[in-house]
Every structure is written in C-alpha cells, then in structure tokens.
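When reading the values below, keep in mind they use all heavy atoms of this one structure, side chains included, and skip hydrogens, waters and symmetry mates.
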Amino acid sequence: MESETLLASPSPAAVAREPVDVPNRPSRKLAAGLVGLGLLAGGVAAAFARRPVEATATELGSLKSAYCNLTISKQTFSVSDPATTGKWLRSYFPVECESDGGFTDYSLCEHSMGGCGSYVRLALNGTNEGEATPCFGIHMVNAAKRPAGDTDVATVEAHFNARLGTMGEYDAFMDFATVFVANSLDSYINDFERDGVAYMLLRWKDNSDVHTTDGGTTGRTFFSLIVHIPDSQINFEIVSAVAPEAKAQRPIFEDDMVRLPHSTISSAGASPPGEDYLIPVAISKGTSDIETISTYYTQILQADFDYLYSDETEGLTMKTFRLPEAAMPIRFIQRTDTSSYASTFGVKDLENAKNEAHEASYTSPSCGFDQYYDNHFDLTQYEVPVDTYTDLLTTAGNKWHCSRVGFGALDVYAVEPTGDAIQLDGYLTDAGTSTMMTYGCYNTSNVLFHLCSEGKCITKSAPVSHLEPGDDDPTKTDDLTVAATTTSSSEETA
C-alpha cells in the first residue's frame, strides 16, 4: 500500500443519502442556457431545448487550431450516430457548433460523406478561464467504412447502455468520463428530471487539509453529477463545490474515493461565467491494469505522476497523471467490477475490443487507421518533440499513426493500453522530420479527413468515388507503406 492510501467505507452504490438541505443559502439565478448556432440538421423539440443565444463574430473568431491555447484542447469519440448524439449534447450542455470558415470543409460543425460516415464538432462555452468563448472541443465521428474488429462501435455502445441505463448504482463504466467543473448542478438536474434522463449524484472530499473546530483536518466537500449519453460511449462528470438544491433530484451517494486531488480543482482557473457553463478539469478512464498505464504514461508520454488513492478492501486504485505542459490531469481507475453485467462485457473486454481492432487493421504508421482511433484526446505541447514520443513508442512496440494535416504539419495518434488513442501535436526535430518522411507521413495528403480512408495505403493514381481527385487509388500497393513497414520492423529488431 502506498503513502497516499486511504481506506474507504462501502462503495457509492451501497450508501445512499437523501438530498442535502442547506439552510439560509440564497437562491442562485441560473444562466441563460445553451449557446448554439442552429447548424445541426433536424433541430430539437422546444420542450427539450435550452434557449439558443446567437454567437458573436468575436466568439466564433476564437475557434483557432490552438483552442484558446489549451494544452488538452478536445476529446473525440467514435460514435455510430453523430447527429443524434450531437442533438442530445445541444439539448443539455452549453455548447456551440464548432466551425471556422477560414480552414476547410473538414472544419465544419457537421459533415456527411454518405456511406463513408459523418462527424459533428461542438465546443463548450466557458472553457477559457472565465471567458464565454468556446474552446474545448467535443467531437463525434462515425467512420463507418473503416474496420472495427469483431466488436463494432454500435455493439460497444449497446454494452454501455446495458450497464448505465438506470444509473441506479455505481458502475465501473462510469469511470470513463470527461470531467468538468460548474458553479451549480441545479440547472442540469432540473433538465434531467424534466425529461427523465438518468443520472447519479455523489458527495466526496478532496485531499486538501481544511482545519475543523476540533483541531483536526478534513478534505473539502464536492458534489458530482454523472450522466451517460444514450447510445454512445460518452459519460460526463460535472463537479461543483455547491450542494445541489433542485426542486426534485435523485438521492446523493457517499463516495469515499478522492475523485480528484485538490490541485486539479485549483488549476482549473477562473470560475465559469454562468451557472451551467463548464470548465474541463480531467479526462477519466477505467483500466484493467493500472501499473501498465503508469509505465506507459510516465516512461513513454513523459507524464508526471500526480496522485494516488487506494482502497485495498474495495479493490480500488486511482491514479492521476499530468502530461507535459498540461494542467488537466488524466485519471485512471482500476476497480473490482461487482456489476452483474461484468461477465458479459467488462472493462477488460472493452480494452480487448479496441486493441484487437488496432491489431487487425494496422499496417504501418501511415496505413491502417480503424474506427477506434477516433476515441482520443488531443495533446498540444512543445516540451517534448513528437518524434521523441514516436521513437519511444516504436522501441516499446506500441502502435502509432501519422497524418499530414497541412503544409509541413502532422498529427500523430498513439495507442495507449486501454485501446484509446492520443493525438500528439507539437514540433519535430530535424532528424524526426526525416524519419517521418521515411514512414511516408508527409505523403498522406489529409486522407484521414476522408472517412472511408484508412490512411496512405496506396499510390496516387486515378480518383475513386469516395475520395477527391488526386487522392489515392485503393487498387494499388504503396511503396512508401512497404518501406515504412520494413523500417519499423528493422528498428524494433535492433
């Protein structure tokens, strides 16, 4: 047991509490609600939606590639139906369509490529340290024609639904979440109660040392709301220091786990500008092997180990890591899965589904991009060269992909042990640039923006129906791919 080990009482599911009554606290005026541009097809029923507010040109102008200079600037999800998932998000969360007309068609709020798939790109308001401009991206991609192994995305989504449908007890799949801070949970609770959306409320304490009247210390109390977006792999956890006092709400469960260390909340910056605006503070994932995660993040991604919570009685370990230049930690939780559904599809099964898809589809760094690569977050930093990451990944035998996204610019996607990916952006050394050329990374011509494409797998030749003129002919072999595979193999052998 390590130094920060704490022993917890029963899991959140086991100890329910009635809603907290906080006397003599003034009522809090709720913010106007959802900011939206109305660009998604289909619209939202009036009884379902928050009042849309028109975005200004200044706000839209903030949608630059750096996402307001956030180091972890977005989270992308592989989904089977981006339009429906996007509609749900716009119904309940303060998001805008993310669109920047100064870029390309692939930077629209939504885009459909027919049978190849579609995407929706949204951004949260209130994610720029107190400003109301949209910065943190929430992207949903359905690359329907790319491989997904033996367990397709819709099947994984069905397993999430089965495990999280009622939110009646804490489930290991709730550990997969994007975590936000809000001034109040009340507006979300009111909306969910009105529309019958399942959610869970937790009360927990951080690891700060607040002095008590008896001379002791205790952690600061926080409240979490966890909600699952139906028919997706997406969970949100919204954290507030203020006890909820909605007109009607579910019972609050006690959670003895330090869900986030004190440093995470304090590094979130200024409070959101509205009661229901959100600041992203962590990305959370479940894992079946937290020690392998620790090795990957500290030795390959050069992350700092941030915090440990452990409860041997409950079979629970939580660790957070901070990637170079990133204030937002990545939280991993390994727990004994007590769900009756665990034998049907558990955390290890989810990891296997994604990793088996990667194994089956991967050909080289420039070829073999499957649907589960779209489960990723973006890390943009300039402390560690991206080619240092790819060298470490190659040496360790881990898979990664590259894609050219502009003149001299590359995205690199690295697969972590959970089967999710990380989009690595930053800079390359001169030697790294030469290596990327050897792998064929600079010949990809944005092909990953074509949702039928698996990367630069073929030579430039005649256009085909799902690609634009000048792109790739899928009937031919790419010499660069062969060269990249040979180089990668020889390096691993050495």
Checking [Y] against [X]: is there a side-chain donor and acceptor pair closer than 3.5 Å?
X    : Y    : answer
T429 : D387 : yes
H358 : D370 : yes
E157 : S80  : yes
Q302 : Y389 : no
W204 : T221 : no
D425 : Q423 : yes
T155 : D152 : yes
D337 : S339 : no
Q334 : T317 : no
W88  : S232 : no
T418 : K354 : no

Keeping [X] on the side-chain end and [Y] on the backbone end, is there a donor-acceptor pair under 3.5 Å?
X    : Y    : answer
N398 : A414 : no
E351 : S288 : yes
N352 : D349 : no
N142 : D81  : no
D311 : T313 : yes

Hey, could you give me the [atom1]/[atom2] distance between [X] and [Y], rounded to the nearest 0.5 Å?
X    : Y    : atom1 : atom2 : answer
F176 : I283 : CZ    : CD1   : 13.5 Å
Q381 : L323 : CD    : CG    : 8.5 Å
D255 : M200 : CG    : CE    : 9.5 Å

Minimum-distance pair of heavy atoms, taken over all atoms of [X] and [Y]:
X    : Y    : result
A282 : L260 : CB-CD2, 3.8 Å
V347 : T287 : CG1-C, 3.7 Å
V179 : S284 : CG2-CB, 4.2 Å
P280 : F180 : CA-CD2, 3.6 Å

Could you give me the CA-CA distance, side-chain angles and deciding distance for D374 and R146, then say whether salt bridge (charged side-chain N to carboxylate O under 4.0 Å, His left out) is met?
-> CA-CA 11 Å; D374 283 318; R146 288 179 185 156; 3.8 Å; yes
Can we call the ring centroids of [X] and [Y] under 6.0 Å apart?
X    : Y    : value
H401 : F369 : yes
Y199 : H228 : no
Y119 : H139 : no
Y92  : F192 : yes

What's the verdict on salt bridge (charged side-chain N to carboxylate O under 4.0 Å, His left out) for R220 and D206, showing C-alpha distance, side-chain angles and the deciding distance?
-> CA-CA 6 Å; R220 186 183 178 194; D206 71 4; 5.9 Å; no
Start with the C-alpha gap between E416 and K285, add the side-chain angles, then the distance that decides, and say whether side-chain contact (heavy atoms from CB on, under 4.5 Å) holds.
-> CA-CA 11 Å; E416 65 173 33; K285 303 184 183 189; 2.9 Å; yes
Begin from the C-alpha positions of D378 and K74 and carry the test salt bridge (charged side-chain N to carboxylate O under 4.0 Å, His left out) through to its verdict.
-> CA-CA 6 Å; D378 175 75; K74 68 168 184 174; 5.6 Å; no
